[in-house]
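Note that this is a predicted model, so its numbers are computed, not measured.
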Amino acid sequence: MNQETVTAPGEPAVLTRHFRTLFPATARGAHGARHAAERWLAAQWEQPEAASGEEDTATASLLIAELTANAALHGRVHGRDARLALTLTPTTLRVEVTDARGDRLPVRTPDADTDADGGSESGRGLLLVTALADAWGCEPHHPGGKTVWAECVRGTAGAGRWTAGAGDRPPRVP
């Protein structure tokens, strides 16, 4: 974990906190990374300048779970780890998950919309990310992976805005 103070001329100091961990791109690895991140966030939010409500905590936990699970399911390359990174400021939480599969970009599947009764066990994760995050997107990660990220303005409900990075595409809408 790194901490840095960022100051702009004429602005008060803003404390930015970082958490990073590598995890095996497996379901068990994603589970362990999620729990480590949740413990770190709980410790950060105990501090008065970073205090958070239950909604922020639940949203963060769900976003971390979805993005790490997607990396384990869709971004796995044998022998390569994935990375979970959190950036916490007084106003925003950014969750980034980097995996080795830059050729498999996230796409909202039409099946997720048509199978809303729960008959399918997958395909709705990005719908959840869209609903919870204020913005999310995907960026290439050298030398051939990708980073999927989601941002939440603390204390607000998500708007699900897709923000395109270089070389990626928005989710398909049926």
Nearest 0.5 angstrom please: [X] [atom1] to [Y] [atom2], how far?
| X | Y | atom1 | atom2 | answer |
| --- | --- | --- | --- | --- |
| T91 | E151 | OG1 | CD | 9.5 Å |
| L127 | L132 | CG | CG | 11.0 Å |
| R154 | T57 | CZ | OG1 | 8.5 Å |
| R17 | Q44 | CZ | CD | 5.0 Å |
| R94 | T89 | CZ | OG1 | 11.5 Å |

What pair of heavy atoms forms the shortest contact from [X] to [Y], and how long is it?
| X | Y | result |
| --- | --- | --- |
| A30 | A69 | CB-N, 4.1 Å |
| W45 | A60 | CH2-CB, 4.0 Å |
| C152 | A133 | SG-CA, 3.9 Å |

R83: what forms a side chain to side chain contact (heavy atoms under 4.5 Å, CB included) with it, not counting sequence neighbours?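 For R83 the side chain to side chain contact (heavy atoms under 4.5 Å, CB included) partners, ignoring immediate neighbours, are L22, A85, E96, T98, H141.
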
Looking at residues at least two apart in the chain, or sitting in another chain, which of them share a side chain to side chain contact (heavy atoms under 4.5 Å, CB included) with A37? F19, I64, L84, L86

Would you please test L88 and W40 for side-chain contact (heavy atoms from CB on, under 4.5 Å) and show each step? CA-CA 11 Å; L88 181 64; W40 179 82; 4.2 Å; yes

Any pair with a residue in residues 21-36 that passes salt bridge (charged side-chain N to carboxylate O under 4.0 Å, His left out), sequence neighbours left out, goes on the list, sorted by first then second residue, please. R34-E38

For L67, which of D99, L62, V148 qualifies under side-chain contact (heavy atoms from CB on, under 4.5 Å)?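 Testing L67 for a side-chain contact (heavy atoms from CB on, under 4.5 Å) against D99, L62, V148 leaves exactly one candidate, V148.
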
So if I apply the side-chain contact (heavy atoms from CB on, under 4.5 Å) rule between V97 and each of N70, T147, T68, which one comes out positive? T68

Ignoring hydrogens and geometry, is there a side-chain-to-backbone donor-acceptor pair from K146 to R101 under 3.5 Å? yes

Return yes if some donor-acceptor pair links the side-chain N/O of T130 with the main-chain N/O of L126 below 3.5 Å, else return no.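 Present.
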
Test L93 against L41 for side-chain contact (heavy atoms from CB on, under 4.5 Å), laying out the working first. CA-CA 10 Å; L93 171 67; L41 274 173; 4.2 Å; yes

Non-neighbouring partners of H31 that pass ring pair (Phe, Tyr, Trp, His ring centres under 6.0 Å), sequence neighbours left out: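 In terms of ring pair (Phe, Tyr, Trp, His ring centres under 6.0 Å), with neighbours along the sequence ignored, H31 is linked to H35.
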
Got a sec, which residues hit salt bridge (charged side-chain N to carboxylate O under 4.0 Å, His left out) with R76, two or more places apart in sequence or on another chain? none

